[in-house]
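This structure is a prediction, so every number in the text was calculated from the model and none was measured.
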Amino acid sequence: MKEATRTSILSRRWLKVWTLIPVLNFDAQQTLNDVQLETKTLETERTSYVNWVNQVLSSCKGTPKMHKFRIRFDLDKSFGCDIDRWVTFAIEKKAEIIELDLRDYFDTIFKKKYTFPFKYYQKQLRSRNIGFPGCSCLTSLQLANVNVTGEVVEYFLSNCLLLECLYIAASDLLVNLKVDGPSLRLKYLDIKYCFSIKNVEISAVNLISFKYFGPKISMPLKCAPRLAEMLIGGSYSHYLIHNYYELSHYLYQLETLSLDVCYSKVTKDLQFPVLTNLRRLELITNTNDEESLLGFTFLIEASPFLHKFTLKFHWYASYIQREAEEPKRCPHQHLKEVEFIGFVGEIIDVELAMYIIENAVRLERFVFDTRKPHMIGSPWEFEETKEKRLARRRAQRLLSKLHPNFDFVVV
């Protein structure tokens, strides 16, 4: 948007052309980074951000139709009137993509979240006469750190016939959700950090990707014949590992599976169904040297045609040291690419690396990334530390264990 505005100085005829652009992306991530670095104050920047959006929208009233409208900043309920006007603007302009990310950058439990839909339509919802002019063009709705009820979500699913992507994160009001409908075009469903949720029911014939991070819930997948990608996290991931039969019909058809587990203690030699379609496997976890990541090798062994394995983990030191386990022999014929993000070169990840090196007979590429997963995208992503330098040296030592023609990357 800034580039489009700059073009106005090139020609008098172009003075107002920027006001007709179909994409308004109000992403102020860099400002939030400056706030976190304490070079700016959040309250001051909140006011500046709201004034910026209001000023731009007042100049863009002539835009005939929006393609994408994106708000991304740490805002709370006190700015509700402004946010109401922004969402109204996007819907009246028949925006195809609406993203409302009111991120809680400092993760405070005291933040009073904005509730969607905006006040004008909340009255209609209570009277069961809800209507959103222009929302029929919506293809993607993303709400993060925004309160929304299951009733409102179900309205959009049933009335936005072009909706293909639905993302809801950190809503305190989402309790029950039914994703169902004969004309449902939904392909991507993402529900994260909605810790009040109790039930999710899904019947979506076009659904390709389903991601859920949260508590153990009742989650019947009634009909999802095209489902190919799944991410499960939170306490439900541990439940799924030991009760896989509840979703076994859909596990068999997956091509991509991600498991985000809070800790790495799992029953050794756990039985799991053979996932013949799985090509990409991702494991996300927190762990220390008292535990072992080798407990998760059953997932690799249950995926005979796996091509890529990614490990994202946060390691924290333990006062108890243990001996490294010898990797067991279980040759894997198709695994070609492996990536460790958060590599520290301690027992916890070296023994898993050795397991893969010993068993992946066709391994072509191994990436050791010393960046912490939760730091990627932050101002401290590439901050140099003694721990990172040590981890890179430890990764280089593993090079002697690998085939000379192997693609070995250390970040």
Side-chain angles (χ1 to χ4, degrees), residues 233 237-238 241-242 257-272 281-303 306 308-332 335-361 363-376 380-381 383-403 406-411:
S237 62
H238 292 279
I241 287 173
H242 293 90
L257 174 63
S258 299
L259 289 176
D260 191 336
V261 292
C262 299
Y263 56 91
S264 59
K265 291 180 180 178
V266 297
T267 305
K268 292 210 172 190
D269 300 320
L270 187 67
Q271 296 298 315
F272 211 68
L281 174 65
E282 180 180 70
L283 175 65
I284 308 163
T285 186
N286 298 327
T287 189
N288 61 42
D289 273 335
E290 293 181 55
E291 302 170 0
S292 174
L293 294 172
L294 291 176
F296 288 105
T297 56
F298 74 91
L299 290 168
I300 298 175
E301 294 162 11
S303 312
L306 189 68
K308 182 176 181 179
F309 172 67
T310 301
L311 170 68
K312 296 180 180 179
F313 75 110
H314 176 74
W315 173 84
Y316 49 97
S318 170
Y319 294 106
I320 300 176
Q321 295 295 319
R322 62 175 177 84
E323 295 293 327
E325 298 182 38
E326 287 293 325
K328 64 179 179 178
R329 293 295 299 170
C330 186
H332 197 291
L335 186 58
K336 295 182 179 180
E337 184 176 350
V338 177
E339 184 177 19
F340 280 18
I341 302 175
F343 180 78
V344 290
E346 296 287 348
I347 291 174
I348 187 71
D349 51 1
V350 169
E351 61 185 6
L352 180 59
M354 289 305 302
Y355 166 84
I356 292 172
I357 292 170
E358 292 288 336
N359 290 293
V361 297
L363 197 61
E364 298 176 355
R365 178 179 172 88
F366 207 134
V367 178
F368 295 92
D369 191 337
T370 61
R371 296 174 299 171
K372 300 300 181 185
H374 66 282
M375 290 292 185
I376 295 177
W380 301 277
E381 178 179 355
E383 183 181 31
E384 189 63 24
T385 64
K386 180 175 69 175
E387 290 76 15
K388 282 185 177 181
R389 289 191 292 270
L390 180 58
R392 286 197 289 267
R393 288 197 298 269
R394 289 169 173 170
Q396 290 292 341
R397 290 175 196 159
L398 291 173
L399 185 59
S400 61
K401 308 289 185 181
L402 300 173
H403 191 278
F406 193 80
D407 189 4
F408 184 84
V409 181
V410 180
V411 180

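Under a 3.5 Å cut-off, the side chain of Asn359 and the backbone N or O of Lys328 do form a donor-acceptor pair. Side chain of Thr370 to backbone of Val411: a donor-acceptor contact under 3.5 angstrom is found.
Residue Phe296 is tested with Val261, Leu259, Leu311 for a side-chain contact (heavy atoms from CB on, under 4.5 Å); the sole match is Val261.
Looking only at side-chain heavy atoms (C-beta outward), Leu363 and Val338 come within less than 4.5 Å of each other. The shortest distance between side-chain heavy atoms of Ile284 and Glu282 falls below 4.5 Å. Annotation: side chain of Asn286 is in contact with side chain of His314 (closest heavy-atom distance under 4.5 Å). Counting heavy atoms from C-beta outward, Thr385 and Leu390 have side chains that stay 4.5 Å or more apart.
By the side-chain contact (heavy atoms from CB on, under 4.5 Å) test, Glu358 pairs with Pro327, Arg329, Met354, sequence neighbours left out. With sequence neighbours left out, the salt bridge (charged side-chain N to carboxylate O under 4.0 Å, His left out) criterion links Glu337 to Lys308, Arg365. Under the salt bridge (charged side-chain N to carboxylate O under 4.0 Å, His left out) criterion, Arg371 pairs with Asp369, Glu381, not counting sequence neighbours. For Phe366, the ring pair (Phe, Tyr, Trp, His ring centres under 6.0 Å) partners are Phe340, Phe368, not counting sequence neighbours. For Ala302, the side-chain contact (heavy atoms from CB on, under 4.5 Å) criterion is met by Phe272, not counting sequence neighbours.
In terms of heavy atoms, Phe343 sits closest to Ala395 at CE2-CB, 3.7 Å. Nearest heavy atom pair, residue Pro373 against residue Gly342, reads CD-CA, 4.1 Å. The shortest heavy-atom contact between Glu291 and Thr287 is OE1-OG1, 3.1 Å. Shortest non-hydrogen contact noted between Leu398 and Ala353 is CD1-CB, 4.2 Å. The heavy-atom pair separating Glu351 from Ser292 by the smallest distance is OE2-OG, 3.2 Å.
More than 12 heavy atoms of other shown residues, nucleotides or ligands fall within 6.0 angstrom of atom NZ in Lys388.
Rounded to the nearest 0.5 angstrom, Ile300 CD1 and Phe309 CZ are separated by 4.5 Å. Remark: Leu306 CG to Leu335 CG distance equals 5.5 Å, nearest 0.5 Å. For the atom pair CG of Leu283 and OG1 of Thr297, the computed distance is 11.0 Å after rounding to the nearest 0.5 Å. The CD1 atom of Ile341 lies 13.0 Å from the NE2 atom of His374; values are rounded to the nearest 0.5 Å. Within the model, atoms CH2 of Trp315 and OG1 of Thr285 stand 14.5 Å from one another, a figure rounded to the nearest 0.5 Å. Atom CG of Leu281 and atom OG1 of Thr310 lie 8.0 Å apart (nearest 0.5 Å).
Screening residues 338-350 for side-chain hydrogen bond (donor to acceptor under 3.5 Å, both in side chains), with sequence neighbours left out, gives Glu346-Arg394.
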Salt bridge (Lys or Arg N to Asp or Glu O under 4.0 Å) between Lys372 and Glu387, intermediate numbers included: CA-CA 11 Å; Lys372 300 300 181 185; Glu387 290 76 15; over 6 Å; no

